[in-house]
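Ligands are counted one by one from 1 in listed order, and the atoms in each one are counted from 1 as well. Since the structure is predicted, the reported quantities are computational estimates derived from the model, not experimental observations.
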Amino acid sequence: MTTAASTSAPSARPRIALVATGGTIAGAGTGGDATPSAAYQSAVVTADALVAGVPGLARLADLRAEQLFQIDSADFTDERLLQLARRVAALCAQPDFDGVVITHGTDTMEETAYFLHLTVPTDKPVVLTGAMRPGTALAADGPVNLLHAVAVAAHPSSAGRGVLVVMNEQIHSARDVAKVHAMRVDAFASPHGALGLVVEGTPRWYRGLTRPHTRTSEFDIAAIDTLPLVGVVASHGNMRRELYDAWASAGARAIVHVGFGGGTVPAYLQALLPELRDRGVQVVRAARVGDGPVIRNANYDDDAAGSVVVDDQNPQRARLLAALALTRTQDACEIQQVFWRY
Ligand SMILES: NC(=O)CC[C@H](N)C(=O)O
């Protein structure tokens, strides 16, 4: 469904496509009053209603809204991710759009943003936003987040910066951002800092990116039909090898081992990793601490085991990067280079 969300303002405004996918930004309270509350249903407010709820949008951009999904972002599968990436790539390829804004649930926003960052070959701004509170909350954050996301997507200075996440007045890079709080409106943070801020409705930039993305990425959604299965196994005391075996039996082509501090592998699992390699399953070592690099051949002999390390990627993004790398190569050395490059 595609509808013109605004038709009356002058045509010189940037033309922005808005792709709505659901989440709390499209949520409505079920508790009967307007206080911030966990009692709400996500993914019920339509794309057009979202746009209509933010009067300032029409001054910023000529918006065209479409409803691609209406889901809780927990329900993003690889199939839906690919479908969204194809749609965003198609919108970016149209000369009549200057940028794309995606409304999305916050729970998996970092994964979707990263996948688009690596697979949509465009210089146009692609901006994801969402909300921590439903639209019916007393201090809903969705309307201002949407206004800021459109302001960033519509601004020429946002071009060529890869996929961006705009939440709570901050502009984050999809490479780094993660949801770090379950409730507060300042739920998103980047280990190396945000790229910029939305100041008085305009993006102000403080940092740039050094890693490839969008147009400079070697991955292109046009060449990807499906993603290889990649599993993630989290470390804790008293682990069991059965989880790794289950992923291998399910057909996983890689397993992200979310190790302790530096990606450590317990002594009682160390012989398992080369076994998995011999079964055709690439092991990727990540860490559960949330920040800092996993260093190759430190804490574990990656050369001997044939494993690779994630650099500083979090496990959920490492899953996607491993899957993308596996669409191009099965070679552990090349996969390692991919992790260090992106
Ligand atoms: N704040 C949110 O958006 C979380 C709501 C929901 N679980 C989602 O991710 O879609």
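- Among protein heavy atoms, atom 7 (N) of ligand 1 sits closest to D107 OD2, 2.5 Å.
- For the pair K179 and D107, the salt-bridge criterion is met [side-chain N within less than 4.0 Å of a carboxylate O].
- Counting only heavy atoms of the protein, atom 10 (O) of ligand 1 lies nearest to S73 N, 2.7 Å.
- Under the 6.0 Å distance and 45° angle rule, R80 counts as a cation-pi partner of F69.
- Considering only non-hydrogen protein atoms, atom 5 (C) of ligand 1 sits nearest to T24 OG1, 2.8 Å.
- Between the side chains of Q337 and R341, no donor-acceptor pair is found at a separation under 3.5 Å.
- Scanning the protein heavy atoms around atom 3 (O) of ligand 1, the nearest turns out to be T106 N, 2.8 Å.
- Residue-level proximity to ligand 1 for Y40 is carried by the side chain, the only part with a heavy atom below 4.0 angstrom.
- Distances between N or O atoms of D72 and those of ligand 1 include at least one value under 3.5 Å.
- D186 and N168 form no side-chain donor-acceptor contact under 3.5 Å, judged by distance and modelled atom types alone.
- Near G23, meaning under 4.0 Å from one of its heavy atoms, ligand 1 places the atoms 10 (O).
- For the residue pair H104 and T21, no side-chain donor N or O sits within less than 3.5 Å of a side-chain acceptor on the partner.
- A cation-pi arrangement is absent between R211 and Y342, since the terminal nitrogen or guanidinium carbon is not both under 6.0 Å from the aromatic centre and inside a 45° cone about the axis.
- Atom numbering of ligand 1 starts at 1 in the shown order; those under 4.0 Å from a heavy atom of G105 are 3 (O), 8 (C), 9 (O), 10 (O).
- Checked for salt-bridge contact, R317 and D176 miss the test: no charged N lies under 4.0 Å from a carboxylate O.
- Residue-ligand proximity: A131 is placed with a non-hydrogen atom under 4.0 Å from ligand 1.
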